[in-house]
Amino acid sequence: MSLSTHVLDAALGRPAAGVAVRLERDGEVLAEGVTDADGRIAGWTCGAGAHRLVFETGAYFAARAVDAFYPRISIDFTVADPGERHHVPLLLSPFAYSTYRGS
């Protein structure tokens with residue numbers, strides 16, 4: 001299964017580069033990375049079951065001297081078919097966020 005994420009800074013209207021992200025399953029870290037200049041991480045793999053993406057948003061905003069409410073955002077999701085591609089985007093601002101299953 002292929003897993004990717006894309007972080008967009010909705011307040012600035014551009015990709016959020018430099019956000020540390022980790023992929024977890026049952027408390028175990030499966031992968032770690034930092035979003036690239038386009039706000040993306042791709043090429044991670046994981047099997048069926050429950051997973052969590054953890055975005056270290058506090059450090060991202062602190063590096064830009066922006067006050068923010070959420071220091072960390074965790075997104076739990078379930079992979080039913082490990083043969084499918086999964087994309088989990090994060091739309092981010094200092095005081096709100098949203099996500100969805102992308103394509």
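The residues of the chain are indexed from 1 along the displayed sequence.
The backbone N or O of Val88 sits less than 3.5 Å from a side-chain atom of Thr5, completing a donor-acceptor pair. Judged by distance alone, with hydrogens and angles left aside, the side-chain atoms of Asp81 form a donor-acceptor pair with the main-chain N or O of Gly83 at under 3.5 Å.
With no hydrogens or angles considered, no side-chain donor-acceptor pair links Arg85 and Ser103 at under 3.5 Å.
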Q: Mind running side chain to side chain contact (heavy atoms under 4.5 Å, CB included) on Thr99 and Phe77 for me, showing each step along the way?
A: CA-CA 11 Å; Thr99 187; Phe77 62 98; over 6 Å; no
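Listed by chain and residue number, Phe95 satisfy the side-chain contact (heavy atoms from CB on, under 4.5 Å) test with Phe69 (two or more places apart in sequence, or in another chain). Contacts of Asp76 classified as salt bridge (charged side-chain N to carboxylate O under 4.0 Å, His left out), with partners at least two apart in sequence or in another chain: Arg52. Residues satisfying the salt bridge (charged side-chain N to carboxylate O under 4.0 Å, His left out) test with Arg72, not counting sequence neighbours, are Glu56. Shown here are the salt bridge (charged side-chain N to carboxylate O under 4.0 Å, His left out) partners of Asp36, two or more places apart in sequence or in another chain: there are none.
Side-chain heavy atoms closer than 4.5 Å link hydrophobic residues (I, L, V, M, F, W, Y) into clusters, and following such links, possibly through other members, connects Val66 to Val7. Hydrophobic cluster membership differs between Ile75 and Leu91, with clusters built from Ile, Leu, Val, Met, Phe, Trp and Tyr side chains linked at under 4.5 angstrom. Hydrophobic clustering (ILVMFWY, side-chain heavy atoms < 4.5 Å, transitive): Ile41 and Leu30 are in one cluster. Put simply, Phe55 and Val29 are part of two different groups of oily side chains (I, L, V, M, F, W, Y) that touch within less than 4.5 Å, one to the next. Taken together through direct or relayed side-chain contacts under 4.5 Å among Ile, Leu, Val, Met, Phe, Trp and Tyr, Leu23 and Leu92 form part of one hydrophobic cluster.
Looking only at side-chain heavy atoms (C-beta outward), Trp44 and Leu53 come within less than 4.5 Å of each other. In this structure, the side chains of Leu90 and His6 stay at 4.5 Å or more apart for every pair of heavy atoms. Between Phe61 and Val19, every side-chain heavy-atom pair lies at or beyond the 4.5 Å cut-off.
Legend: salt bridge (Lys or Arg N to Asp or Glu O under 4.0 Å) pairs involving residues 88-103, not counting sequence neighbours, sorted by first then second residue: Glu84-Arg101.
Pairing each heavy atom of Ala37 with each of Ala17, the nearest pair is CA-CB, 3.8 Å. The minimum heavy-atom distance linking Thr35 with Ala16 is given by the pair OG1-O, 2.7 Å. Shortest non-hydrogen contact noted between Gly102 and Pro89 is N-CD, 3.8 Å. Between His87 and Ser4, the shortest heavy-atom contact is ND1-OG, 2.6 Å. Here the closest non-hydrogen pair linking Cys46 and His51 is CB-NE2, 3.3 Å. Listed here is the closest heavy atom pair of Ala80 and Ala48: O-CB, 4.4 Å.
Rounded to the nearest 0.5 angstrom, Thr57 OG1 and Tyr70 OH are separated by 10.0 Å. We find the OG-NE2 distance between Ser2 and His86 to be 10.0 Å, quoted to the nearest 0.5 Å.
More than 12 heavy atoms of other residues, nucleotides or ligands lie within 6.0 Å of CZ in Arg64, so this atom counts as buried by the packing criterion.
Listed by chain and number, the hydrophobic cluster partners of Val34 come to none, as no ILVMFWY side chain reaches under 4.5 Å of it.
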